[in-house]
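Residue numbers start from 1 in every chain, and the chains themselves are labelled A, B, ... in the order their sequence lines are given, proteins ahead of strands.
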Amino acid sequence: MTDPGDDRLYLALDGWEGPLDLLLDLARRQKVDLRQISLLDLVDQYLGYIARAQALRLELAADYLVMAAWLAYLKSALLLPHDPALEPSPEELALRLQARLQRLGAMRDAAARLLARDRLGRDVWPRGAPEGLRIDRQTRWTASLYDLIAAYGTVQVRRAPTVHVVRDRAVVTLESALERLVQALGAGRGWTDLRALLAWLPAQPDARLARSALASGFAAALELARQGRAELAQDTAFAPLRVRGVHPA
Amino acid sequence: MTDDLTRAVEATLFASESPLSAEQIARHLGGVPVAAALAQLVADYAGRGVELVERGGCWHFQTAPDLAHVLRREQDAPRRLSRAAIEVLAIIAYHEPVSRAEIEAIRGVQTARGTLDVLMEAGWVRIAGRREVPGRPTIYATTTAFLAHFGLASRRDLPGIDELRAAGLLDPVDIALSDESAD
Amino acid sequence: MTDDLTRAVEATLFASESPLSAEQIARHLGGVPVAAALAQLVADYAGRGVELVERGGCWHFQTAPDLAHVLRREQDAPRRLSRAAIEVLAIIAYHEPVSRAEIEAIRGVQTARGTLDVLMEAGWVRIAGRREVPGRPTIYATTTAFLAHFGLASRRDLPGIDELRAAGLLDPVDIALSDESAD
């Protein structure tokens with residue numbers, strides 16, 4: 001702690017942006033081109049720095065310690081006799097570290113050179129009170145002739161008294177279905193498929209008529225069952241619905 | 001080559017957010033007299049697209065007055081008419097001249113005052129006088145610009161009621177009911 | 001005497017609140033080619049207190065850099081960027097487009113959340129899409145406002161970029177390789 005340079009180092013602890021930044025700073029203190037730094041010296045300086053920081057019980061972020069461990073490994077690998085099994089080789093790792101330092105150093109220099117340029121708003125100024133280019137937006141309304149005519153059609157339709165026309169179509173009314181069913185059951189048949197009882201339809205029935213007949217027939221069967229005049233049975237879901245008449249004794 | 005003082009005055013006036021008096025410029029530049037530099041700049045910029053002018057003792061650059069049209073440009077912003085507007089337009093076209101109360105009676109809905117304004121702004125509807133009935137309501141009619149926009153030679157080119165019906169535009173039958181066989 | 005087109009281009013650029021590309025100027029003036037007029041104006045203003053510059057394809061007038069000391073006022077000091085921010089900005093400018101992981105690989109340290117935000121808020125950095133690699137990381141690039149602020153006609157004018165590229169210092173960053181110390 002007698003070396004004022006060390007003081008500066010410690011005080012600047014918060015100033016480093018991570019271990020690579022600290023390494024770069026230490027490397028620059030060697031005052032040689034980054035391509036020619038002594039990596040072993042650099043490792044020693046870094047480890048020494050970390051050791052002193054720990055001695056002073058300064059809190060070091062974990063990545064500084066990770067870097068220290070890695071550098072210690074690198075140093076021992078570099079000093080030990082060459083082991084061809086090591087992949088990548090320690091020399092290769094050292095080169096990569098050097099390349100990283102060079103790249104970071106280059107970016108730091110570039111940042112400084114950028115900041116030193118003639119900057120707009122600091123060294124050069126744009127016009128203080130530009131008139132501005134006015135673009136007058138003129139609304140141009142559009143509509144097509146079809147829009148116009150269709151709109152008139154809509155208005156006319158809205159004006160006309162609304163007439164709902166239900167198309168005339170073939171239906172089997174509930175009354176006629178009831179009548180048919182009572183007749184069919186009256187003949188004293190046993191259990192019969194409901195659909196068979198509706199077979200009085202024309203041979204080539206209109207599909208809608210057949211549907212109507214089935215619906216009305218079903219409703220009629222339910223009505224007769226409710227009145228106690230018929231029984232309904234179904235073996236399983238969706239199985240044919242069977243019906244038989246109930247005749248008072 | 002422009003001398004340094006003139007250049008400094010030029011840059012100061014260019015960068016300033018408001019017009020500056022000769023005294024203000026001089027103070028800004030350390031107290032040197034600037035009258036000669038200002039005269040030089042006025043001469044330099046004469047006939048350019050930008051000129052140096054003095055207004056009420058203060059100097060500023062401005063674009064040359066004859067180029068004012070260059071700085072303003074018109075741009076079309078096409079917009080579709082609203083449904084209400086086009087209905088009102090159609091009613092006017094088919095029934096003109098027609099009053100606002102009549103338009104409302106035909107549409108069966110109140111007509112927002114803005115709707116007629118939009119149609120007049122578009123240049124398609126004009127005030128065609130007043131109806132000589134109590135209250136003398138304003139009556140509206142279409143314009144030649146209306147005919148031009150919709151490609152009509154005259155209002156007689158508008159399809160008649162029978163044609164609209166033939167085109168299915170007046171079909172009052174509830175579509176949902178007539179479409180049953182589709183399922 | 002300056003010709004009418006040159007005057008119109010001059011007035012347009014003087015009046016505009018932001019830099020304009022040649023295409024924007026041409027469109028504003030009704031579609032005429034303006035390259036010759038721009039070249040003429042650059043020559044006209046050379047050596048004056050105001051000059052015409054091109055930054056990232058957009059043109060604007062600005063005061064001559066050597067007059068900075070005359071024009072600088074107290075309130076002009078731009079907000080100071082942190083060291084981290086300016087370093088990240090340089091890395092993006094020299095390597096763009098670049099992902100956050102690549103920036104961190106170069107700096108050897110995590111980037112604080114606010115750093116990129118500050119640069120984007122300043123209008124100097126933009127999101128330039130995603131890199132089509134696993135994880136599809138967001139990639140960043142600089143803007144024309146960045147070029148304008150730092151007085152660069154294009155990225156080719158970045159200080160020392162050719163030397164850095166020749167030295168291999170701008171090669172794509174291999175995140176995996178440069179990350180061994182963090183394992």
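A:I149 CD1 to B:F150 CZ: the interatomic distance, rounded to the nearest 0.5 Å, is 9.5 Å. Put simply, CZ on B:R83 and OG1 on A:T154 are 5.0 Å apart, with the number rounded to the nearest 0.5 Å. Taking CD1 of B:I86 as the start and OG of A:S144 as the end, the distance is 6.5 Å to the nearest 0.5 Å.
Only the side chain of B:V109 comes within contact range of chain A, with heavy atoms under 4.5 Å apart. B:L152 touches chain A through its side chain: at least one heavy atom from C-beta onward sits under 4.5 Å away, while N, CA, C and O do not. Proximity to chain A is absent for every atom of B:L119, based on heavy atoms less than 4.5 angstrom apart.
Side-chain N or O atoms of A:R127 include one that pairs as donor or acceptor with a backbone N or O of B:F61 at under 3.5 Å. A donor-acceptor contact shorter than 3.5 Å is absent between the side chain of B:E87 and the backbone of A:Y152.
Per-residue heavy-atom pair counts under 4.5 Å with chain A were compared for B:T63, B:V70, B:L13, B:L158, and the maximum is reached by B:T63. The most heavy-atom pairs under 4.5 Å with chain A, out of B:H60, B:H149, B:E121, B:Q62, come from B:H149. Contact count versus chain B (heavy atoms, under 4.5 Å) is highest, among A:A129, A:P130, A:A143, for A:A143.
Shown here is B:Q110, whose CD atom has no more than 12 heavy atoms of other residues, nucleotides or ligands within 6.0 Å. In B:Y45, the OH atom is crowded: over 12 heavy atoms of neighbouring residues, nucleotides or ligands sit closer than 6.0 Å.
Looking at heavy atoms from C-beta onward, B:I106 lies in side-chain contact with A:V155 at the 4.5 angstrom threshold. The shortest distance between side-chain heavy atoms of A:L148 and B:F146 falls below 4.5 Å.
The two atoms that bring A:W125 and B:A15 nearest to each other are CB-CB, 3.9 Å, heavy atoms only.
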| Audit row: B:W124, A:W141, side chain to side chain contact (heavy atoms under 4.5 Å, CB included) steps and yes/no | CA-CA 10 Å; B:W124 293 339; A:W141 295 100; 4.1 Å; yes

